[in-house]
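First the structure, in the form of structure tokens, and then the observations on it.
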Amino acid sequence: MTTTPKFQYKCNDCGATYNPLEIQYMCPECNKKNTANQPPKGVLKTIYDYESIKQQTFDSLKSRGFLDLLPIKNSESLPNLAIGQTPLYTLDKIDNEQIEGTIFLKDDAQNPTFSYKDRASAIVSAYAKEQEINTIVTASTGNAGSSLAGICAAQGQQGIIMVPASAPVAKLTQILMYGATLIPVDGTYDDAFDLSIKATEELGWYNRNTGFNPLTIEGKKTVAFELYEQMGYQAPDRIFVPVGDGVIISGVYKGFEDLLKLGLIEKMPTIVAVQSTGSDNIARNLSNSEFVVKQSNTIADSISVDIPRNYHMAKNFITSYNGEAIAIEDNEILEASYKLSKNTGVFAEPAAAAAFGGLLHYKKHSKLDKGSKNVVLLTGSGLKDLKAVQKMIQIPAPIMPNIDNLKKIYHD
């Protein structure tokens, strides 16, 4: 007796559909035509039987852990860690200046490894567990690697993490402390990515790579379900998302698209892709017919990507749903990180702070509508990359411990 699969894969580019009878990463036909110097085509989207799922309420879906909308069989396959359900903070002033509309900060640095990437790692790990796979490999600039390492530690799985040698020490430390195998690569993220694919092909390791494994998008989409509930069962007006490979923004879109298909929301929120001008290979190419690569150079290492692996899907989402994209300077990102910290007590790494920098850019140019609800997606902790913000601060010289010296410094 054959069981009907609960989901299908659909190619983002050619539209071909596939039943997930075995592990599948890319559309095989589109993947044959891919070249090394262009974003790959053939990324798969996971499609569910939305008509039958419509019969359930949102609360009913939530009570089952959204299993009807996830590519796993059992919630017990997930790691026993508090992943997701991260806080949503409200902000109505910046530097004591009132803001048009309301700002909501979705702080995904509260995940177990202090990064949004735990959402994807959890689903990939759970799927691997159900398939009795023990070894999972990924390429990463740091966050995805430390995330997979931590999740594998919780699940008793072996994580193999390939990173560019320039990745921040804090993230490499996390990977090693979780007991994963760290493989620094003398090259870029793209070099590490290609090596991990080769390892999957020749050594049979299960691959977590974003823009390659379609299940990462399914993990990242869960933030949309949380936002919908946290905002009173409605979608926000605008969401600012930091963008590198294009997978996080695709995940946010996919989650709200699921809600649209279920009739739970009437329209897609305006989603703003925020990049650094030093790594703007998605924002800069949206209106181009041919993709043009520019070498990345930004302090925001987590969104520093030359060839965005999920470019075509991200572009398709942004153009189909009238999304927006901007690129801001690195100094704006650092300033945003500082303003965010001192105004809210939330310390975000530069890649995450880029989203807040996007919001500040909109505020500066009077693009926030009165009464609008604007979400900033904060994807990683500032403790992930302390070196990047050193130029923003100056640690005071020590004083001799007597009150007169203190009074010289503190006059209030």
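Looking only at distances, a side-chain donor or acceptor of Ser320 sits under 3.5 Å from a matching main-chain atom of Asn316. Checked by atom type and distance alone, the side chain of Asn12 never pairs as donor or acceptor with a backbone atom of Val43 at under 3.5 Å. Between the side chain of Ser304 and the backbone N or O of Thr298, no donor-acceptor pair lies under 3.5 Å. Side-chain N or O atoms of Ser77 include one that pairs as donor or acceptor with a backbone N or O of Asn74 at under 3.5 Å. At least one donor-acceptor pair closer than 3.5 Å links the side chain of Asp330 to the backbone N or O of Ile299. No donor-acceptor pair closer than 3.5 Å links the side chain of Asn213 to the backbone N or O of Asn209. Checked by atom type and distance alone, the side chain of Ser121 never pairs as donor or acceptor with a backbone atom of Asp118 at under 3.5 Å. Here the side chain of Asn310 pairs no donor or acceptor atom with the backbone of Gly211 at under 3.5 angstrom. Distance alone, capped at 3.5 Å, is enough to place a donor-acceptor pair between the Tyr25 side chain and the Asn207 backbone. In terms of modelled atom types and a separation under 3.5 Å, the side chain of Asp191 and the main chain of Thr188 share a donor-acceptor contact.
A salt bridge links Lys221 to Glu218: one of the charged nitrogens lies within less than 4.0 Å of a carboxylate oxygen. Salt-bridge formation is not detected for the pair Glu100/Lys363: no Lys NZ or Arg NE/NH1/NH2 atom is positioned less than 4.0 Å from an Asp or Glu carboxylate oxygen. Looking at Lys364 and Glu332, no side-chain N of the basic residue comes within less than 4.0 Å of a carboxylate O on the acidic one, giving no salt bridge. Lys254 and Asp258 are joined by a salt bridge, as a carboxylate oxygen and a charged side-chain nitrogen come within less than 4.0 angstrom of each other. In this structure, Lys73 does not pair ionically with Asp68, as no charged nitrogen and carboxylate oxygen lie closer than 4.0 Å. The residues Asp49 and Lys6 are annotated as not salt-bridged, no charged nitrogen and carboxylate oxygen being separated by less than 4.0 angstrom.
With Phe212 as the aromatic partner, Arg309 does not meet the cation-pi criteria of under 6.0 angstrom to the ring centre and within 45 degrees of the ring axis.
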Pairs of donor and acceptor atoms involving the side chains of residues 322-329, under 3.5 Å and at least two apart or interchain, shall be tabulated with distances.
residue, atom, partner, partner atom, Å
Glu324, OE1, Tyr362, OH, 2.5
Glu329, OE1, Thr277, OG1, 3.1

Pairs of donor and acceptor atoms involving the side chains of residues 159-178, under 3.5 Å and at least two apart or interchain, shall be tabulated with distances.
residue, atom, partner, partner atom, Å
Lys171, NZ, Asp301, OD1, 3.4
Lys171, NZ, Asp301, OD2, 3.0
Lys171, NZ, Ser302, OG, 2.9
Lys171, NZ, Glu349, OE1, 3.0
Thr173, OG1, Val169, O, 2.7
Gln174, OE1, Ser146, OG, 3.3
Gln174, OE1, Lys384, NZ, 2.7
Gln174, NE2, Thr113, O, 3.3
Gln174, NE2, Tyr178, OH, 3.4

Distance-only donor-acceptor hits, side chain of residues 81-94, under 3.5 Å, sequence neighbours excluded:
residue, atom, partner, partner atom, Å
Thr86, OG1, Lys106, NZ, 3.0
Thr86, OG1, Asp108, OD1, 2.6
Thr86, OG1, Arg119, NH2, 3.4

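One distance of note links OG1 of Thr210 with CG of Asp245; it measures 4.5 Å at 0.5 Å rounding. Here the CG-CG distance, from Leu359 to Leu340, works out to 10.0 Å after rounding to the nearest 0.5 Å. The structure places CZ of Phe7 at 12.0 Å from CG of Leu69, a figure rounded to the nearest 0.5 Å. To the nearest 0.5 Å, atoms CD (Gln24) and CG (Leu44) are separated by 5.5 Å. Rounding to the nearest 0.5 angstrom, the gap separating the CD1 atom in Ile333 from the CG atom in Leu360 is 11.5 Å. Interatomic distance, Leu377 CG to Phe104 CZ, rounded to the nearest 0.5 Å: 14.5 Å.
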| Chi angles and distances behind the side chain to side chain donor-acceptor pair (under 3.5 Å) call for Ser125, Gln155 | CA-CA 8 Å; Ser125 169; Gln155 294 271 68; 2.9 Å; yes
| request: Any chance you could lay out the salt bridge (Lys or Arg N to Asp or Glu O under 4.0 Å) test for Lys45 and Glu257, step after step, and finish with the verdict? | output: CA-CA 12 Å; Lys45 183 189 278 191; Glu257 186 176 69; 3.0 Å; yes
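For the residue pair Cys14 and Cys11, the shortest heavy atom distance occurs at N-SG, 3.3 Å. Scanning both residues, Val243 and Ile303, for their nearest heavy atoms gives O-CB, 3.4 Å. When all heavy atoms of Asp13 and Cys30 are compared, the closest pair comes out as CB-SG, 4.2 Å. Across every non-hydrogen atom of Thr200 and Val137, the tightest pair is OG1-CG1, 3.6 Å. The shortest non-hydrogen separation linking Val305 to Ser279 is N-OG, 3.0 Å. Across every non-hydrogen atom of Ile151 and Pro79, the tightest pair is CG2-CG, 3.9 Å.
Take Phe114 and apply the ring pair (Phe, Tyr, Trp, His ring centres under 6.0 Å) test, not counting sequence neighbours, and it matches no residue. Residues satisfying the side-chain hydrogen bond (donor to acceptor under 3.5 Å, both in side chains) criterion with Asp306, sequence neighbours excluded, are Ser296. Scanning for side-chain hydrogen bond (donor to acceptor under 3.5 Å, both in side chains) contacts around Asn285 gives Asn288, with sequence neighbours left out. By the side-chain hydrogen bond (donor to acceptor under 3.5 Å, both in side chains) test, Arg284 is found to be paired with Asp280, Asn281, residues two or more places apart in sequence or in another chain being considered. Residues meeting the side-chain contact (heavy atoms from CB on, under 4.5 Å) test with Thr17, sequence neighbours left out: Gln8, Lys10. Partners of Tyr233 according to the ring pair (Phe, Tyr, Trp, His ring centres under 6.0 Å) rule, which considers only residues two or more places apart in sequence or in another chain, are Phe58, Tyr228. Listed by chain and number, the residues in a ring pair (Phe, Tyr, Trp, His ring centres under 6.0 Å) with His312 amount to none (sequence neighbours excluded). With sequence neighbours excluded, no residue satisfies side-chain hydrogen bond (donor to acceptor under 3.5 Å, both in side chains) with Tyr18.
Among residue pairs with one or both ends in residues 264-296, those qualifying as ring-ring contact (aromatic ring centres under 6.0 Å, His included) are Phe291-Tyr311; sequence neighbours excluded.
With 3.5 Å as the limit, one finds no donor-acceptor pair spanning the side chains of Gln157 and Thr135. When only modelled atom types and interatomic distance are considered, Asp59 and Thr57 share no side-chain donor-acceptor pair under 3.5 Å.
Shown here is Lys41, whose NZ atom has no more than 12 heavy atoms of other residues, nucleotides or ligands within 6.0 Å. No more than 12 heavy atoms of other residues, nucleotides or ligands shown are found within 6.0 angstrom of CG on Asp186. Crowding of Lys62 atom NZ: a count of heavy atoms from other residues, nucleotides or ligands under 6.0 Å not exceeding 12. The environment of Glu22 atom CD is sparse: at most 12 non-hydrogen atoms of other residues, nucleotides or ligands sit within 6.0 angstrom.
Between Phe317 and Tyr321, the angle of the ring planes stays under 30°, which puts this pair in the parallel group of the 30/60° scheme.
Between Phe356 and Phe240, the distance from one ring center to the other does not fall under 6.0 angstrom.
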